[in-house]
Amino acid sequence: VQLQASGGGLVQAGDSLRLSCTASERTFSTYAKGWFRQAPGKEREFVAAISWSGGGTYYADSVEGRFTISRDNAKNTVHLQMNSLKPEDTAVYYCVADTLLGVTMNEWAYWGRGTQVTVSS
């Protein structure tokens, strides 16, 4: 099983980016999905999660109102729309999947390799 994240890059503060993550197996369309991130020298942290149906979404306080998670089950893809980016959003972003969603790392069994997001001031 593979989760392939894409869409990272170098942007300026205030810009937007859209991350995408596609799962290699069709069964993952029924899994909850989410995003974590890890900044240099910091622990990996929860960013956002979405239920398998898309009816439930959850965000870290630090991104609430700026980031939006969504999914397209027909394409087996989850997106993270990031607006009003700040330098403190700089991190490697990882997509995750599991049967149930959670906000801690050990609640997610499947992890992608990560995509770098760098926000300059």
Side-chain angles (χ1 to χ4, degrees):
V1 173
Q2 289 186 339
L3 296 172
Q4 183 64 49
S6 62
L10 172 62
V11 297
Q12 293 186 332
D15 285 351
S16 298
L17 273 178
R18 187 191 195 208
L19 304 184
S20 298
C21 178
T22 301
S24 60
E25 294 190 6
R26 191 70 193 139
T27 52
F28 275 69
S29 65
T30 62
Y31 277 45
K33 294 192 172 72
W35 294 90
F36 280 71
R37 68 185 181 186
Q38 187 166 20
K42 295 187 177 181
E43 294 186 351
R44 200 168 294 189
E45 64 177 3
F46 171 78
V47 176
I50 188 167
S51 63
W52 76 268
S53 67
T57 56
Y58 304 86
Y59 298 93
D61 290 343
S62 58
V63 307
E64 180 82 52
R66 299 188 298 122
F67 290 10
T68 302
I69 189 170
S70 62
R71 64 188 296 157
D72 183 342
N73 286 343
K75 296 182 179 179
N76 214 9
T77 299
V78 61
H79 303 288
L80 185 68
Q81 178 66 42
M82 306 185 294
N83 298 330
S84 302
L85 282 162
K86 304 175 181 180
E88 51 263 44
D89 294 319
T90 295
V92 177
Y93 284 71
Y94 299 89
C95 62
V96 294
D98 209 325
T99 53
L100 297 175
L101 61 80
V103 298
T104 61
M105 290 177 55
N106 59 11
E107 294 178 280
W108 297 90
Y110 302 99
W111 290 74
R113 286 189 177 183
T115 184
Q116 177 70 47
V117 172
T118 303
V119 184
S120 63
S121 57

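In what follows, residues are counted from 1 in the order of the sequence shown. Just the heavy atoms: all of them, side chains too, but no hydrogens, waters or symmetry mates, feed the values below.
Grouping Ile, Leu, Val, Met, Phe, Trp and Tyr residues whose side-chain heavy atoms lie under 4.5 Å apart, directly or via other members, places I69 in a hydrophobic cluster with V11, L17, L19, W35, V47, I50, Y59, V63, F67, V78, L80, M82, L85, Y93, V117, V119.
Of the residues S20, S16, S70, the one that meets the side-chain contact (heavy atoms from CB on, under 4.5 Å) test with Q81 is S16.
Interatomic distance, W52 CH2 to N73 CG, rounded to the nearest 0.5 Å: 7.5 Å. Interatomic distance, L3 CG to E25 CD, rounded to the nearest 0.5 Å: 10.0 Å.
Residues satisfying the salt bridge (Lys or Arg N to Asp or Glu O under 4.0 Å) criterion with R44, sequence neighbours excluded, are absent altogether. Among residues two or more places apart in sequence or in another chain, the side-chain hydrogen bond (donor to acceptor under 3.5 Å, both in side chains) test is passed with S121 by none. For D98, the side chain to side chain contact (heavy atoms under 4.5 Å, CB included) criterion is met by W108, A109, not counting sequence neighbours. For Y58, there are no ring-ring contact (aromatic ring centres under 6.0 Å, His included) partners, not counting sequence neighbours. For Y31, the ring-ring contact (aromatic ring centres under 6.0 Å, His included) criterion is met by F28, not counting sequence neighbours.
A heavy-atom distance below 4.5 Å is found between the side chains of S51 and L101.
Closest non-hydrogen pair, A91 versus Q116, comes out as O-NE2, 3.4 Å. Contact record, S84 with R66: O-NH1, 3.0 Å, taken as the closest heavy-atom pair. Of all the heavy atoms in H79 and R18, the pair that sits closest is CD2-NH2, 3.2 Å.
Side-chain atoms of R113 never come within 3.5 Å of backbone atoms of Q2 as a donor-acceptor pair (strictly under, hydrogens ignored).
Using modelled atom types, one finds no donor on one side chain facing an acceptor on the other under 3.5 Å when comparing T118 with T90. A donor and an acceptor atom, one from each side chain of S29 and N76, are nowhere located under 3.5 Å apart.
Heavy-atom neighbours of N106 CG from other residues, nucleotides or ligands within 6.0 Å: above the threshold of 12. Environment of CD in Q4: sparse, with no more than 12 heavy atoms of neighbouring residues, nucleotides or ligands closer than 6.0 Å.
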**Q.** Derivation and outcome, side chain to side chain contact (heavy atoms under 4.5 Å, CB included), residues M105 and V96
**A.** CA-CA 9 Å; M105 290 177 55; V96 294; over 6 Å; no
